[in-house]
Structures are given as structure tokens and as C-alpha cells.
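Worksheet: one structure, shown below.
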Amino acid sequence: MSDRFDESSDETLGRRLVGDLPRYAAPARLRVTIVEAATPAARRPAWLAPVLAAAATTMLLALVTLPVLPRIVPADPVQRYVRAVVSEHARTVMWGARHGEILPTALPWLTQESGIALPQVFVGDDRLQFVAAEPVYLERQRGVAIHYRDVDGHMLTYIALPAAAALTIPEPARVPIGRWRPALVRDSGYAAWVWKQKDVACFLVSDMVSADDVEKFKEYFARVRATTEPVPAY
């Protein structure tokens, strides 16, 4: 056997290989990868990579910081107070009262802790059952909260706080109920009656927001308002 090949040139051998060997098409994904890799860097915008990196960083920071940002505080004092008492009511509905004191036994202690005396106080009846009473601290003010439950299972929270000078009951929101005209203010799916008794701001909060519920809510306001007299203790 001879190790000598035919005296064909490299060019002739190349043509034979091209003609005789089978040929296969590259997958589409591979073709795209090869084309992108072969694209000169000058054709790619120089600003694209930094912009995408900055956008990704901004989105990551937003996802991290948004849950811990405080809610926007309303400028209107009434809305601000209502938001505070609604939050306190919602906390009580979810977790219960912190102390759960019983009236009238706890009145001296409540007066000392809250700074609000209650010479007269509504302790419940056949429609509203007394649940608990406790001191609260809202809008940098000490106050007292009394919780009730009606026969339909609605929770109601009565809160009395020292009235800030800027706290003015909004006239358009006032609703006539007997000889009184409290304001009906809504926030976060709750309704609150807001009124003043001399130097004390009073609130009655519940989730009774439908038309039928508001009529019952008026009745509950009248019961509490007629038999509760908060005064500053000091």
C-alpha cells in the first residue's frame, strides 16, 4: 500500500468535500446567538447597558422601600383624627382591647391613665353590649376608648380626646340626629360620627356604612351621646 494520495490540489479536494459531505442547518437559537456575537460593538448603543442597569436598580429599591413608607398624613385635622380613631378601632376588632377594663369599676383608673373623666357613661343596653374600656394615645393625645358590640355583631368604638384648637367639625358633613348635629366622616371602609362636647372631641366608629346600617348607626349615636359626658380630668 502506498501512502501517496492522488495529486489533486487542495482546491479540488475542498470542492469534493463540499459536494460529497452531508450539510445540516443550524438551529434558529444558535444562528441568533452567532449573529449577535458577531455584531460589532460599535453598532450597539453605548448608553443601553447603563440605562438598563439603572432601571433595574430603581425597581429593586422601590420594591424594598414601598412597604415601609408611611401613609400620607391628611392635612385636614378632622380627617387626620378620624384616620387615627379608625386605625385604633380596626386594631381592636382584629386583636381585642389591650386592657379590657370593666365599667364603672375601672373609672378612677381610666381617668388617671387617659386624662378624661366620665361623670356619666353609657354602659350598654338591650341593643349595645359593653365589651371593654381602655386608655389610648392618639394624635399625641391621651384619651379613653370604650368598645361595644351590637346585636348584629357590629363592633363600635367610642373615643374621647382633648379637642385640638384646629379641630373644627365640618358643616357640610353634619347630620341632624335629634337635638345634635354630628358630622359623618368615612375612612378606609369605616364610618365615624364626629362631634365636640366643650373641650373634648368625641368619635363613634364602626363598619356600618350601608344606607340601612347608617340609620341604625344614628340610633346608636343618640344612645351613647345622651348618656356619656366626657370632661378633661386636669
Side-chain angles (χ1 to χ4, degrees), residues 69-94 97 110 114-122 127-128 131 133-150 152 154-234:
L69 289 176
R71 293 196 301 174
I72 297 176
V73 178
D76 177 27
V78 171
Q79 198 66 48
R80 194 171 66 245
Y81 271 79
V82 168
R83 178 162 293 183
V85 299
V86 163
S87 295
E88 179 65 20
H89 171 77
R91 183 205 62 78
T92 304
V93 171
M94 292 179 62
L110 281 173
S114 69
I116 300 292
L118 296 167
Q120 297 181 10
V121 59
F122 179 71
R127 292 287 302 174
L128 287 176
V131 176
E134 60 181 334
V136 293
Y137 186 75
L138 304 174
E139 286 296 306
R140 300 182 180 180
Q141 299 276 7
R142 290 191 303 157
V144 63
I146 306 173
H147 309 292
Y148 307 93
R149 182 181 291 107
D150 77 352
D152 298 320
H154 295 286
M155 286 290 295
L156 294 88
T157 298
Y158 168 87
I159 292 179
L161 298 166
L167 186 64
T168 302
I169 307 303
E171 287 295 328
R174 287 186 180 272
V175 178
I177 304 176
R179 64 180 186 272
W180 304 290
R181 295 178 63 245
L184 181 60
V185 183
R186 303 175 188 274
D187 182 83
S188 303
Y190 293 91
W193 293 116
V194 185
W195 71 99
K196 277 187 175 182
Q197 289 181 238
K198 296 182 180 179
D199 296 328
V200 179
C202 302
F203 308 85
L204 186 64
V205 187
S206 184
D207 62 348
M208 304 176 71
V209 295
S210 70
D212 292 339
D213 284 341
V214 167
E215 292 304 313
K216 294 179 183 178
F217 202 21
K218 290 181 182 179
E219 178 188 343
Y220 296 159
F221 162 81
R223 295 181 182 221
V224 173
R225 176 66 180 85
T227 56
T228 304
E229 190 66 31
V231 295
Y234 309 108

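This chain uses plain numbering: 1 for the first residue, then up along the sequence.
Aromatic ring pairs are classed by plane angle as parallel below 30°, tilted from 30° to 60° and perpendicular above 60°; the pair Phe221 and Trp195 is perpendicular.
Minimum heavy-atom separation, Ser206 to Met155: OG-O, 2.9 Å. Of all heavy-atom pairs between Pro230 and Cys202, the closest is CG-SG, 3.8 Å.
Scored by the side chain to side chain contact (heavy atoms under 4.5 Å, CB included) test, Arg91 finds Glu88, Trp95, Arg98, Glu134 as partners (sequence neighbours excluded). For His147, there are no ring-ring contact (aromatic ring centres under 6.0 Å, His included) partners two or more places apart in sequence or in a different chain. Applying the side chain to side chain contact (heavy atoms under 4.5 Å, CB included) criterion to Ser114, with sequence neighbours excluded, gives Ile116, Pro135, Val144. Every residue two or more places apart in sequence or in another chain was checked for a side-chain hydrogen bond (donor to acceptor under 3.5 Å, both in side chains) with Thr227, and none qualifies. Every residue meeting the side-chain hydrogen bond (donor to acceptor under 3.5 Å, both in side chains) condition with Tyr220, not counting sequence neighbours, appears here in chain and number order: Arg127, Asp150. Checked against ring-ring contact (aromatic ring centres under 6.0 Å, His included), Tyr148 has the following partners two or more places apart in sequence or in another chain: Phe122.
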Inset, instruction - List the steps and the verdict of side chain to side chain contact (heavy atoms under 4.5 Å, CB included) for Val209 and Val214. - result: CA-CA 6 Å; Val209 295; Val214 167; 5.7 Å; no
Inset, instruction - Apply side chain to side chain contact (heavy atoms under 4.5 Å, CB included) to Val78 and Thr168, showing your working. - result: CA-CA 7 Å; Val78 171; Thr168 302; 5.7 Å; no
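Between Leu204 and Thr157 there is no side-chain heavy-atom pair separated by less than 4.5 Å. At a threshold of 4.5 Å between non-hydrogen side-chain atoms, the residues Pro162 and Pro232 do not count as touching. Between Val194 and Leu167, every side-chain heavy-atom pair lies at or beyond the 4.5 Å cut-off. Residues Leu156 and Val205 fail the side-chain proximity criterion, which asks for heavy atoms closer than 4.5 Å. Thr228 is listed as a side-chain neighbour of Leu118, based on a closest heavy-atom distance under 4.5 Å.
Taking NE2 from His154 and CE from Met208, the interatomic distance works out to 5.0 Å, rounded to the nearest 0.5 Å. Atom CD of Glu139 and atom OH of Tyr81 lie 6.0 Å apart (nearest 0.5 Å). Note that CG of Asp187 and OG of Ser87 are 7.0 Å apart. Values are rounded to the nearest 0.5 Å. Going from atom CD1 of Ile146 over to atom CG of Leu128 covers 12.0 Å, rounded to the nearest 0.5 Å.
The ring pair (Phe, Tyr, Trp, His ring centres under 6.0 Å) analysis of residues 198-219, with sequence neighbours excluded, yields the pairs Trp193-Phe217. Listed by first then second residue, pairs satisfying salt bridge (Lys or Arg N to Asp or Glu O under 4.0 Å) with a partner in residues 214-234 read Asp125-Arg223, Asp126-Arg223, Asp152-Lys216, Glu215-Lys218, Glu219-Arg223, not counting sequence neighbours. Applying the salt bridge (Lys or Arg N to Asp or Glu O under 4.0 Å) test to every pair with at least one member in residues 198-208, sequence neighbours left out, gives no pairs at all.
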Give every donor-acceptor pair under 3.5 Å between a side-chain atom in residues 172-184 and any protein atom, sequence neighbours left out.
residue : atom : partner : partner atom : Å
Arg174  : NE   : Glu171  : OE2          : 3.1
Arg174  : NH1  : Arg181  : O            : 2.5
Arg181  : NH2  : Glu171  : OE1          : 3.4

